[in-house]
Structure formats: structure tokens, C-alpha cells
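This report refers to the structure that appears directly beneath it.
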Protein chains: 2
Amino acid sequence: MRGKPMTIGRISKAAGVKVTTIRYYESIGLMGTPDRSESGQRLYGGDAVERLSFIRHARDLGFSVDSIRDLIALQTTPQADCAAIDAAARRQLANVGERIARLRALEGELERMVRSCEGGAVATCAVLASLADHDQCASDDHGPRDIAL
Amino acid sequence: MRGKPMTIGRISKAAGVKVTTIRYYESIGLMGTPDRSESGQRLYGGDAVERLSFIRHARDLGFSVDSIRDLIALQTTPQADCAAIDAAARRQLANVGERIARLRALEGELERMVRSCEGGAVATCAVLASLADHDQCASDDHGPRDIAL
DNA sequence: CTACAGTCTACAGCGACTGTAGAGACAAGA
DNA sequence: TCTTGTCTCTACAGTCGCTGTAGACTGTAG
Ligand SMILES: [Zn+2]
Ligand SMILES: [Zn+2]
Ligand SMILES: [Zn+2]
Ligand SMILES: [Zn+2]
């Protein structure tokens, strides 16, 4: 660990990850146990900032913690083939594509609902009617279950 | 409560909502406390099926439980103006639109990452390099935080 | 009567954090 | 040196929208 050791607050600011989140990442094995000062405070080197940035960027791109753990593990053998890493990225891409498709279906139905109501009493609200009965909307727009937005 | 009372299993099948989920909806006040048989089993009328369908359709469209609670409350005064309901639907529509936009940004960045790697060793993997450094990707694609996918 | 399916309550778990309480540690100013 | 204020520590509860489990009881068909 070269360079001056940094406290958790410093790497938190440096990487843009909250202190509590860093401790959480440590607890789930994404971050590895850091050195401690005599009084027990965590001490990090610059590599910790790099790893945090990596984790955060991957999270921002929607990778699960599990995937990120895998990606980190794959980095430990730099001479290996990167096919597994590329595959993980492609899986994530597909995942995002599916979510977009599902959300677009919702968007379409919501648009129709909103357009169809011309105001008036709750009793005759077209939005409410659409919500009460999916068959009434253009049929096969959104999936039946497992939205997992 | 007209019609033969139905058990929780029956309305579960009728509405396509799991038994445990129905009890959960009751516990959080979406469903109201049903009558009970002598032995303590819940007994529902057909209106329960309607309400469950309503809830499920709204959930499928991405409405939060809180919003649905509001929507249900608004239905209790059918002579009122439906503006609040329509506004809720428009809010949800905007919400979905934002999520789509964010996901499209992710999609773009992931596509670039995947395209840029031509295979080889982990040490030189372009996907990994992109993940390690957001500045390296086309800069302003995905937001800094709060993905809330 | 005997299976077996359905129902009951109460609580733990998911993912990915966030927030809290209560205690100890450290840097800077008076 | 004392004090003040900011960090840091651990451990645990809460978020959202469910899902699954355990262990007991009830209802129904053969
Ligand atoms: Zn309306
Ligand atoms: Zn629908
Ligand atoms: Zn690669
Ligand atoms: Zn990026």
C-alpha cells in the first residue's frame, strides 16, 4: 500500500461513494478488509479508490453486485481470455434491452389511458376504467407478471 | 356482500394474485379486512376480485403501492372531479419516461463497450477499461447516482 | 377414516443500500 | 490544555414489494 493511507471519509469523497456504502461493500466482500489504524480506523491506499470507482461505474450501468464480484474475480488473472467479461457485458446489455421494451409497453398503455380521459367525474374517468380492466386496453401490451422494473 | 363468499384461494385464482400477496395487501391496507368464517378463514365477495385486479393492473403499470392507495381512496367519492386521478397517471407516465431515458443511456454505453472489445487477454479488455473509468466513455451518458432502475 | 389440499399466524429473507444510536477518536482553535 | 466539532466505529433496523417458511389447524374427496 504505497502513498499516504486514507481514511474512509477521504476515499468516500475521492470515489463519490458514501461511507456507509463502502462499509457495506466490505461486508459483502466487494471491497476486501482494509488495514486498520491503532485505534481501529480503516486505512486505504489509492487502489481502493480505483476499485470503488469501478464498482460504482458498474452499478451505474446496472450490473448486479454478484456480476461485479465475478468481474473483480476475473481481473485477478490478467493473462486469461476476456471472453467471460465481454459475455457479462452482453448479458447486461440484453437485460437493459428487455427492461426498455417492457417500459415502452407500459408507456404506451399509460399514454393511451391519459389521452382517453377527457375529465369529468371520478365515476366516468377513463383512466380509472382502464386500470380496472386490462382487457379494455389494447390487449397484449404489458406482460402479466414479474415486472421487475 | 352478495354472491357466495369465496375463500382466499378462490379469489387468488380468479384475480391471478397469490394468496400470500393478498394477505400482504390486507396487511398494508390496500385490501381492507374481510369477513371471517367461524373457523377464522377469510371470506370475500366478488368485489374483492375486482379490487385485486385493479391493484394488480396498476402494479403491472408500475404504480407504487402508495399511489394505488391514493387511487382507491379517490374512488370513494365518485362525484368528485377525476383530475387527481389523471394527474397520478401522468406522473406515472413521466416516471416511466425518465426510466426509459436512463436505460437508453446505459444501453448506449454498454453497446459501445461491447463493440470496442476485440477479445484477447483480460489485461487488455476494453470492456474492463471502460468499466474502470467512466471518463473514458462518451462523457455525459448516464447520471451520476440514483439509478433506481 | 384417511389422505391431502387449503388456510391460519408470525416471522425471516430478497437486493442494494440508507439511516440510526451510542460510543470512541482526532484535528484545530482559544 | 480544554473544548468544540467533525470523523469513525459497531450493530442493527428500515426501505419496497413482495416471497417463502414453519407449524398448526380446517375442509373436502375418496
Ligand atoms: Zn379521468
Ligand atoms: Zn393493461
Ligand atoms: Zn474484452
Ligand atoms: Zn460511464
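- In the displayed structure, A/Arg69 atom CZ is contacted under 6.0 Å by more than 12 heavy atoms of other residues, nucleotides or ligands.
- An OP1 or OP2 oxygen of C/dC17 is reached within less than 4.0 angstrom by a side-chain nitrogen or oxygen of A/Tyr25.
- The nearest whole Å value for the distance from the CD1 atom in B/Ile28 to the P atom in D/dC18 is 7 Å.
- Contacts of A/Arg42 with the nucleic acid, taken as non-hydrogen atoms under 4.0 Å apart, involve only primed sugar atoms and P, OP1 or OP2.
- For A/Arg59, a side-chain nitrogen or oxygen approaches OP1 or OP2 of C/dC17 to under 4.0 Å.
- Using a 4.0 Å cut-off, no side-chain N or O of B/Thr7 falls inside it from OP1 or OP2 of C/dG6.
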Map every base of DNA chain C to its dot-bracket character, where paired means a Watson-Crick or G-U wobble contact with both distances under 3.5 Å and | marks a partner outside the strand. ||||||||||||||||||||||||||||||

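- Counting only distance, with no hydrogens or angles, the side chain of B/Gln92 and the backbone of A/Leu110 share no donor-acceptor pair below 3.5 Å.
- Side-chain atoms of A/His57 come within 3.5 Å of backbone N or O of B/Ser130 as a donor-acceptor pair.
- What separates CG of B/Asp66 from P of D/dT15 is a distance of 11 Å, to the nearest Å.
- Between B/Ala48 and B/Ile11, the shortest heavy-atom distance links the atoms CB-CD1, 4.3 Å.
- We find that CD of B/Glu26 is positioned 9 Å from P of C/dC8, with the value rounded to whole Å.
- Going from atom CD1 of A/Ile8 over to atom P of D/dT6 covers 19 Å, rounded to whole Å.
- Here the C1' atom of nucleotide D/dT6 and the CZ atom of A/Arg10 are 14 Å apart, to the nearest Å.
- Ion pair B/Asp60/B/Arg56 flagged as a salt bridge, since at least one NZ, NE, NH1 or NH2 atom sits closer than 4.0 Å to an Asp/Glu carboxylate oxygen.
- Here the side chain of B/Thr21 is nearest to one of C/dC17, D/dT19, D/dC9, namely D/dT19.
- For C/dT9, the OP1/OP2 oxygens have a side-chain nitrogen or oxygen of B/Arg36 closer than 4.0 Å.
- In terms of phosphate contacts, B/Ser64 brings no side-chain nitrogen or oxygen within less than 4.0 Å of OP1 or OP2 of D/dC16.
- Note that CD of A/Glu26 is 11.0 Å distant from CG of A/Leu30, once rounded to the nearest 0.5 Å.
- Residue B/Arg23 has no polar side-chain atom (N or O) positioned under 4.0 Å from OP1 or OP2 of C/dT9.
- DNA chain C is contacted by both A/Tyr24 and B/Gln41; B/Gln41 maps to the nucleotide lying nearer its 5′ end (nearest heavy atom per residue).
- Annotation: side chain of B/Leu106 is not in contact with side chain of B/Glu109 (no heavy-atom distance under 4.5 Å).
- Contact between the side-chain N/O atoms of B/Ser39 and the OP1/OP2 oxygens of D/dG27 is found at a separation under 4.0 Å.
- The nearest whole Å value for the distance from the CZ atom in B/Arg69 to the P atom in D/dC18 is 12 Å.
- Residue B/Thr20 places none of its side-chain N or O atoms closer than 4.0 Å to OP1 or OP2 of D/dC18.
- OP1 or OP2 of C/dA25 has not a single side-chain nitrogen or oxygen of A/Ser37 nearer than 4.0 Å.
- For B/Lys18 and D/dT21, the NZ to C1' distance is 14 Å, given to the nearest whole Å.
- Between B/Ile22 atom CD1 and C/dG6 atom P the separation is 14 Å, expressed in whole Å.
- Residue A/Glu118 qualifies as open at atom CD: its count of foreign heavy atoms under 6.0 Å is 12 or below.
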